[in-house]
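These notes concern the structure reproduced below.
So you know, we letter chains A, B, ... as the sequences are listed, proteins then strands, and number each from 1. Remember, it's a predicted structure, so these values are computed and weren't measured experimentally.
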Amino acid sequence: MRGRKRKESRYFLGFLVSSLTGVAVFVLLPFGDVVRRSFLTVMSGEYVGLNNYRAVLHNQAFRLAVKNTICFSVTAIVLVTGLGLAAALLLSRLQRIRLIKSLYLFPLAIPAAAVVIVWHMFFYRRDFGSLTAAYLWKYSGYTIVLWLAGIAAISRQLTEAARVDGADRLQVFLFVELPCLRGSLYTIIILSFLNSLKIYREVYLAAGAYPGEDIYMLQHLFHNWYVSLEFDKMAAATVLTAGALLGALLFFPALWRK
Amino acid sequence: MRKLGKKGRGLLYRVLVRFVFTILGVLLCLPVCFMITGSVMGEDDLFAYLLPVFEDRTGFAGWKLIPTYPTFVHYKRLLLYAPEFFVLFWNVVKLTVLILAGQMAVGVPAAWAFAVYRVRGRRFLFAVYVVLMLLPFQVTMLSSYLSLSRLSLLNTHWAVILPAVFHTFPVFVIYGGFRDIPRSLIEAARIDGAGEGRIFVTLGLGLGRSGMMSALVLGFLDYWNMLEQPYAFLEDRSLWPLSLYLPEIAWQEAGFAFAASLVMLLPAGFVFAMGQDYLEQGIVYSGIKG
């Protein structure tokens, strides 16, 4: 038995080794280097303790960017999750919705660079509202597909049993279907959050490196620090952002299970 | 309404929902109609419509779905007088193909390892892969830059290709496909004396195709559209993909920009039309927890 376990481990590593090496070389080891650099100055490489972190946290642009990014992500997540669920519930009662789904998914296939000129026409204001509209335009189909998969996974036996027990439509929805969709809600929130960070492509193309105050995002800040070679601040901000993301990912499911 | 009865009302409701969703969906695809008509519109029409947007910033005054004098002059210019367009088009083709090939070569065995072997450390490594998949580009930008400059790959296509090849997202999607293979099948193959390599080739590559196809479709749509990575790591303009070139076309050449955008959209539209089922499957796979 033990021999078999050892053999399994060998195969596991054998299949994984090329991927693991690449991940180590291109992500994990350099990330260690970033952590190290976050304690050094960029020019002389002197150790400066937490100075970089202090500089980042007191930086006006960083504060604005964090505020905007959180503000936009929350708005985008709430809207896309809610609207997506409503749309999926309506659509789940229909048959043959492939064509409708393709209309909503198609924006996902349109390259950002190809619609940039159309963006200029629609979003001449380039504000928070138009950014939210662009997000909903691109990711509503994505969210609907995820919700539809969640709804399809609800066991019919469960809902029918509730109907037999005398629950009406609303009660079945509130007390049977919604609790079943909790797992989907979790993944949809996580994926919507990630997508809300990806919308930067559209913002950048439509409004450039220095957009209006209300849509200046963390991504703009990283980009501008990168261009001006302020790697010490960037390293500290990278560590802070990665830490915040990791914390949210670990904390969120713990909260969920309660 | 009363006469319709329960069944009739259900039907009416379904027709209504279908109608509303179709109208909304068509509206979502309107930008493509704009691109198509814009690409065959003459300069005069384009100027009349676009001037208020780009110069006066008052919003656009109107648009026509059928141009007054349709013209193919922009396409002619694109095909005959814009050699740089082809260089950049080939760049994005090369980048996308190499990235996807690399992701398959690296990601398929990795996903197989996670799906089949329940060994110690698997859960931890998988969690690491999930976290890495969730990190946005800006967070990994500096570390990628540091490793690429150490390997002196900056300003070559490899600077864009290699970090993308080792991205962990496709591993996760391919894993979703492998998970659907019944374990009993693998056990049976072992009892019949098949080696692990052979089981991977016949069962994994044979039955886990939906995960791989999903990863390819999602990957194509993402990398065809790649922007941040080449912008950060490629200085030489002749190495750029098309996505960095299109936004630089001035609005005065809007017709040309529309035509070029449409050419860029075509391959993505083709992949979407062919692979919509895999795209949906891939979206669902990316929501599966390990």
Locate the shortest heavy-atom distance separating [X] from [Y]; write the atom from each residue and the value.
X	Y	answer
A:A112	B:N225	N-OD1, 2.9 Å
B:M141	A:M234	CE-CE, 3.6 Å
B:S286	A:L191	O-CD1, 3.9 Å
B:C29	A:L103	SG-O, 3.5 Å
A:S102	B:Q276	CB-OE1, 3.1 Å
A:S19	B:Y129	OG-OH, 2.7 Å

Can you confirm whether [X] is buried at [atom1], in the sense that more than 12 heavy atoms of other residues, nucleotides or ligands lie under 6.0 Å from that atom?
X	atom1	answer
A:R36	CZ	yes
B:R198	CZ	no
B:E248	CD	yes

How long is the gap from [atom1] on [X] to [atom2] on [Y], to the nearest 0.5 Å?
X	Y	atom1	atom2	result
A:L99	B:R18	CG	CZ	9.0 Å
B:Q138	A:H223	CD	NE2	9.0 Å
B:F21	A:I97	CZ	CD1	9.0 Å
B:L132	A:F26	CG	CZ	14.0 Å
A:L13	B:R122	CG	CZ	13.5 Å
B:I283	A:I188	CD1	CD1	11.0 Å

Backbone N or O of A:A114 within a donor-acceptor pair of the B:S261 side chain at under 3.5 Å?
->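 Answer holds: yes.
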
Would you mind checking which part of [X] comes under 4.5 Å of any heavy atom in chain A, side chain (CB onward), backbone (N, CA, C, O), both or neither?
X	result
B:V32	side chain
B:Y245	neither
B:A127	neither
B:L151	side chain
B:F114	both
B:R118	backbone
B:A257	side chain

Please test A:F231 against B:Y145 for ring-ring contact (aromatic ring centres under 6.0 Å, His included), starting from the C-alpha separation and ending with a verdict.
-> CA-CA 10 Å; A:F231 287 167; B:Y145 172 82; 5.1 Å; yes

Count the heavy-atom pairs under 4.5 Å between each of [options] and chain A, then report the option with the highest count.
options	answer
B:A232, B:P163, B:A105, B:S144	B:A232
B:L135, B:V139, B:L28, B:V106	B:L28
B:G10, B:G107, B:P31	B:P31
B:E280, B:R14, B:M264	B:E280
B:L221, B:L148, B:L142	B:L142

Side chain to side chain, [X] and [Y], heavy atoms closer than 4.5 Å:
X	Y	value
B:L265	A:P111	yes
B:L24	A:Y104	yes
B:L125	A:F12	yes
B:L134	A:L245	no
A:V23	B:H167	no

Flag the pair A:R201 and B:D222 as a salt bridge only when some basic side-chain nitrogen lies within less than 4.0 angstrom of an acidic carboxylate oxygen.
->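 Looking at B:D222 together with A:R201, the answer is yes, because their closest N to O distance falls below 4.0 Å.
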
Assert yes or no for the condition that the ring centre distance of A:Y204 to B:Y231 is strictly below 6.0 Å.
->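 Yes, ring centres under 6.0 Å apart.
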
State yes or no: are the ring centers of B:F137 and A:Y200 separated by less than 6.0 Å?
->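 No, they do not, as the ring centres are separated by 6.0 Å or more.
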
Indicate the ring-plane relationship of A:Y226 and B:F233, choosing parallel, tilted or perpendicular according to the 30° and 60° boundaries.
->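 The arrangement is perpendicular - the two ring planes meet at more than 60°.
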
